[in-house]
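Numbered from 1 within each chain, the chains take letters A, B, ... in sequence-line order. Small disclaimer: the values here were computed from a predicted structure and weren't measured.
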2 protein chains.
Amino acid sequence: MATIKDIAQAAGVSLATVSRVINNGPKVGDKTRARIKEIMKEMGYRPNANARALVTQRNPSLGVVLAELADPFFATLAYGIEKVARQKDIQVLLSSGSIQVETELKAIETLLEHRCEAMIVHSKALDDETLIDFASQVPGFVLINRYIEQIADRCVWLDNYSGGATMARHLLSLGHKKFVMVSSHYQIDDPSERLRGIKDELKNAGIELPDSAIEYSTPDQEGGEIAMQNLLAKGHDFTAVLSYNDAMAAGAMSMLLDHGVEIPQQISVMGFDDVLLSRYCRPKLTTLRYPIEMMAVKAAEVALNRARTNGKNKSLEDTFKYTPTIVKRESVTHAADSK
Amino acid sequence: MATIKDIAQAAGVSLATVSRVINNGPKVGDKTRARIKEIMKEMGYRPNANARALVTQRNPSLGVVLAELADPFFATLAYGIEKVARQKDIQVLLSSGSIQVETELKAIETLLEHRCEAMIVHSKALDDETLIDFASQVPGFVLINRYIEQIADRCVWLDNYSGGATMARHLLSLGHKKFVMVSSHYQIDDPSERLRGIKDELKNAGIELPDSAIEYSTPDQEGGEIAMQNLLAKGHDFTAVLSYNDAMAAGAMSMLLDHGVEIPQQISVMGFDDVLLSRYCRPKLTTLRYPIEMMAVKAAEVALNRARTNGKNKSLEDTFKYTPTIVKRESVTHAADSK
DNA sequence: TTGTATGCGTTATCAG
DNA sequence: CTGATAACGCATACAA
């Protein structure tokens, strides 16, 4: 592949001159510039990004660490990030961490080796200390879906507690009094925060959500089915189902429908996330909107901006907390008379 | 960030020696090696991937160009690719082409600037010639979901024609005789190939699929709804709906259900792709399995292998054609008596 | 306006 | 077993 040297030779000028026209440098004669550009086309010249990164001491790339690309949730996240990167002419380096300590660590370290000037990482497995350490190493380091107080200005996150409370409040306002919940068995913050919000809100209304009314499983459709099956098997009496996310809600609905239950006439089901699926399934899911794409865009902007300003120039905002809001569709309605 | 030089200094050895222990070079004393490793830990040394790529003249990375990450189809594609890359310790550079000439071109060129040794591109906008030219420039260049005869050994693709024929054959075998189709209005090969397969197969059975029985729209749920609405408005008489993909099928089903049609008792609906959605929607979609993940894995393996062998070592297989197969679920059954 | 020289962090080719 | 030293492709301070 042609190098800057080849071009210089062919044009009968020095390396410096060619380099200047490549970077739109100011001090080059018009005719020289035109001629060199011509030659570059002819020879199919392409600047070597690695060499450039080496000499300029900065790699204008955005590293991204996600949990699981196959999950629509993360796909949307990646989509939002890639969109702003593309628009700013920044290449994205993508890795998957799959919520395992070694994998997440490995992914971040590889990104570090590439000297990405900005990074967005979704980490549930790594501890605060480790993350804080990474953050101190790269100015453009941003966490998504996680809040760590010491680096609050690099966290773009959702208030899961408030989300849980909102779910509970909505159902209470419709007269529901008997609840069950299908939740994720992963030991990460999100499920427990949502649950905490739910329990607190119910308690305010004088209602207890006993542990026996909560079934944990994998946070996907199948997990939702299994969890609901267990709940049904235990013979619980309830008029509303709180689900950790939309996928589990869809699974739970499937199971209920298979048992001849009418949704929402007999039982209401409420999801969380508002992914595509919530509009596809029948009945359409009433859920909480998790503004993933918006948050992804924000994370990318913050990361890139921090990278550019080397971490100085604290943005106007000091916190990037998002609050989920209710999306009313078809799966929730007034409480039926309790059985 | 500490460099190899700093390590050498701290250890009181030469650059060469440090470089050797980094690359597990053979000729280094055990104690020296241990000591250097120790120091590297202490100083938090990380090799600079850019410098390495520059001097070794190869960047062990996999560039990927997709159409639209937010689409579960492409998310799955990305997932499969990233999985094998991670397993082989290869960093993925991801871009989105959004089916536009300039964007796809830009994405590929940026990857070229990074000197990725392997590339997987999904391109519908670029013409054969352009793609063939790129392929000639990088040995690890592979196309996915596209077939170009001159570079057949770099194409991992689905036989859409056969898929269309299979759909038609299945429905015919269940006694259906009156069809409509909801298809994508994008001017790319896939829809037209599927349609060609369908028409040919129907023709064999003496059935014509008139243009008026085909509605084109965006290949998503909303497009499916619109297309079906138009078909309904035109007063077509049919017992089976052929859909370009699952999303449109789901939309079409929505619309039919809203009109009080029973699926599949009155009308059968058949999708294509077998994405997650086909299992979530109700009734569950009978569809054609598009082995995206398997194909993505294959593409990654071929690309990486070609890169490693510099395009020599033609693999045992000379073609990477995949054939979609039927997945029977709930949305298709025997033809009802025609109205 | 253009050219020369130096160095970015590594690997690799030589000698020792 | 270890150490100089020359690239790799490019940007840039300094000369001319």
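- Within the 4.0 Å cut-off from OP1 or OP2 of D:dG3, at least one side-chain nitrogen or oxygen of B:Thr17 is found.
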### Message
Run the side chain to side chain donor-acceptor pair (under 3.5 Å) test on A:Thr130 and A:Asp133 for me, step by step, so that the C-alpha distance in whole Å, both residues' side-chain angles and the decisive distance to 0.1 Å come before the verdict.
### Response
CA-CA 5 Å; A:Thr130 306; A:Asp133 183 47; over 6 Å; no
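- For B:Arg46 and C:dG9, a side-chain-to-base donor-acceptor distance below 3.5 Å is absent, hydrogens and geometry of angles not being considered.
- Out of D:dG3, C:dT4, D:dA11, the shortest distance to the side chain of B:Arg20 is found at D:dG3.
- In this structure, the CG atom of B:Asn24 is 15 Å from the C1' atom of C:dT11, given to the nearest Å.
- B:Phe141 meets the ring pair (Phe, Tyr, Trp, His ring centres under 6.0 Å) test with no other residue; sequence neighbours excluded.
- Closest to the side chain of A:Ser14, from the set D:dG9, C:dT4, D:dC10, is C:dT4.
- OP1 or OP2 of D:dG9 has at least one side-chain nitrogen or oxygen of B:Gln57 nearer than 4.0 Å.
- The distance between atom CG of A:Leu54 and atom P of C:dT6, rounded to the nearest whole Å, is 18 Å.
- For the pair B:Leu15 CG and D:dA6 P, the interatomic distance rounds to 13 Å; values are reported in whole Å.
- Across all strands shown, A:Asn23 has heavy atoms under 4.0 Å from sugar-phosphate atoms exclusively, and none from any base.
- Ring centers of A:Phe73 and A:Tyr290: under 6.0 Å apart, within the cut-off.
- In this model, the phosphate group of C:dT11 is approached by a side-chain N or O of B:Arg52 to a distance below 4.0 Å at OP1 or OP2.
- In the set D:dC8, C:dT10, D:dG3, the nucleotide with an atom closest to the side chain of B:Pro47 is C:dT10.
- Considering only side-chain atoms of A:Val55, the nucleotide from D:dC14, D:dC8, C:dG7 that sits closest is C:dG7.
- Ion pairing between a basic and an acidic side chain is recognised when a charged N comes within 4.0 Å of a carboxylate O; B:Asp189 and B:Lys124 show no such pairing.
- Checking A:Ser123 against A:Glu104 by side-chain atom types alone, a donor-acceptor pair falls below 3.5 Å.
- Distance, A:Met1 CE to D:dC8 C1': 15 Å, rounded to whole Å.
- Rounded to a whole Å, the NZ atom of A:Lys5 is 16 Å from the C1' atom of D:dA11.
- Within 4.0 Å of B:Val13, counting heavy atoms only, lie sugar-phosphate atoms of the nucleic acid but no base atom.
- D:dA7 atom C1' lies 14 Å from atom CG of A:Asn48, rounded to whole Å.
- Distances shorter than 4.0 Å separate none of the side-chain N or O atoms of A:Thr3 from OP1 or OP2 on D:dG9.
- Here A:Ser19 lies in heavy-atom contact (under 4.0 Å) with a base.
- Ranking C:dT2, D:dC8, C:dC8 by closeness to the A:Thr32 side chain, first place goes to C:dT2.
- Computed from coordinates, the A:Glu113 CD to C:dC8 P distance equals 20 Å when rounded to whole Å.
- For the OP1/OP2 pair of D:dC8 and a distance below 4.0 Å, the side-chain nitrogens and oxygens of B:Thr56 include no atom meeting the criterion.
- For A:Glu102, the CD atom sits in a packed shell: over 12 heavy atoms of surrounding residues, nucleotides or ligands are nearer than 6.0 Å.
- Counting to the nearest Å, the P atom of D:dC10 and the CZ atom of A:Arg115 are 20 Å from each other.
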